[in-house]
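If you read the sequence from its start, that first residue is 1, and numbering goes on from there.
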Amino acid sequence: MLWLAHALTLSRLPIALGLVELYGQTTWAVVLIALAAATDAADGTVARALQKRGHTRPAIGGWLDPLVDKIFVAIVIATIAWHTHDLVLVALIGAREIAMIPLAIAYLAKRSKRALRAAPIGKAATIAQFIACGVAVAYPPYGLPIAIVAAALGLAAAGYYLQRMFRR
């Protein structure tokens, strides 16, 4: 029954492809980013509601959601890079991923049995990153200030997770 939550998660992949196709079309970019953000908020809510009702299989959301988020961002960042050639903008939007991927590898190397749950700073970083992606796709000249905010939140989240990882 958790497939409903997983379907919401996976729906961000075609949304990302829609952003590739609709690059520069402000209205559609905003709609698609809002839809991606809504599915990101809804998938966890749906999963928790189903788990309270006893539905616990398949329990893949802990890794599927962050993986799909990273693929979503990678697709959108590649699109932005292709169209703008603005490596600063791309690096700022991708700063969170650049910091988090080595942390995820280190966490997996520790072979911890506990899941590293999302923290509010991590959720805020995801939202900021999605917004930065949307603005950079919809209207690239305004992407830089929002990308700076996304990078700051992303690096703060990475620092928080690093601290949590070593505290365990």
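- The cluster map of Ile, Leu, Val, Met, Phe, Trp and Tyr, joined by side-chain heavy atoms under 4.5 Å apart, puts Leu13 and Leu17 in the same cluster.
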Sequence neighbours left out, cut at 3.5 Å: what donor-acceptor pairs do the side chains of residues 74-84 make with other protein atoms?
unit_1 : atom_1 : unit_2 : atom_2 : d
Thr79  : OG1    : Ile75  : O      : 2.9
Thr84  : OG1    : Ile80  : O      : 2.7
Thr84  : OG1    : Asp86  : N      : 3.1

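- By the rule that hydrophobic residues join a cluster once side-chain heavy atoms approach within less than 4.5 Å of another member, Val68 and Val20 end up as members of one cluster.
- The shortest heavy-atom contact between Tyr160 and Ala119 is CE2-CB, 3.3 Å.
- Listed here is the closest heavy atom pair of Ala99 and Ala158: CB-CB, 3.6 Å.
- Checked by atom type and distance alone, the side chain of Thr26 pairs as donor or acceptor with a backbone atom of Ala138 at under 3.5 Å.
- Salt-bridge formation is not detected for the pair Asp65/Lys70: no Lys NZ or Arg NE/NH1/NH2 atom is positioned less than 4.0 Å from an Asp or Glu carboxylate oxygen.
- Separation of atoms CG (Leu32) and SG (Cys133) is listed at 12.5 Å; rounding is to 0.5 Å.
- Note on Ile33 and Leu22: same hydrophobic cluster, where clusters join Ile, Leu, Val, Met, Phe, Trp and Tyr whose side-chain heavy atoms are under 4.5 Å apart, directly or indirectly.
- A heavy-atom distance below 4.5 Å is found between the side chains of His6 and Leu64.
- Within the model, atoms CZ of Arg96 and CG of Leu155 stand 10.5 Å from one another, a figure rounded to the nearest 0.5 Å.
- Under a 4.5 Å side-chain heavy-atom cut-off, the cluster of Ile, Leu, Val, Met, Phe, Trp and Tyr residues that includes Ile131 is completed by Ile127, Val135, Tyr139, Tyr142, Ile146.
- Contact of the Thr39 side chain with the Thr9 side chain is not registered, since no non-hydrogen atoms from C-beta on lie closer than 4.5 Å.
- Looking at every heavy atom in both residues, Ala157 comes nearest to Gly122 through CB-CA, 3.9 Å.
- In plain terms, the two heavy atoms of Leu89 and Ala136 that are nearest each other are CD2-CB, 4.0 Å.
- The side-chain heavy atoms of Asp69 and Gln129, taken from C-beta on, include no pair separated by under 4.5 Å.
- Looking at heavy atoms from C-beta onward, Phe72 lies out of side-chain contact with Asp40 at the 4.5 angstrom threshold.
- Of the inter-residue distances, the one linking Leu35 atom CG with Ile15 atom CD1 reads 3.5 Å to the nearest 0.5 angstrom.
- Remark: the backbone N or O of Ala29 is not paired with any side-chain donor or acceptor of Tyr23 at under 3.5 angstrom.
- Both Leu153 and Leu162 are assigned to one and the same hydrophobic cluster, defined by single-linkage of ILVMFWY side chains at heavy-atom distances under 4.5 Å.
- Both Val90 and Leu19 belong to a common hydrophobic cluster when Ile, Leu, Val, Met, Phe, Trp and Tyr are linked at side-chain heavy-atom distances under 4.5 angstrom.
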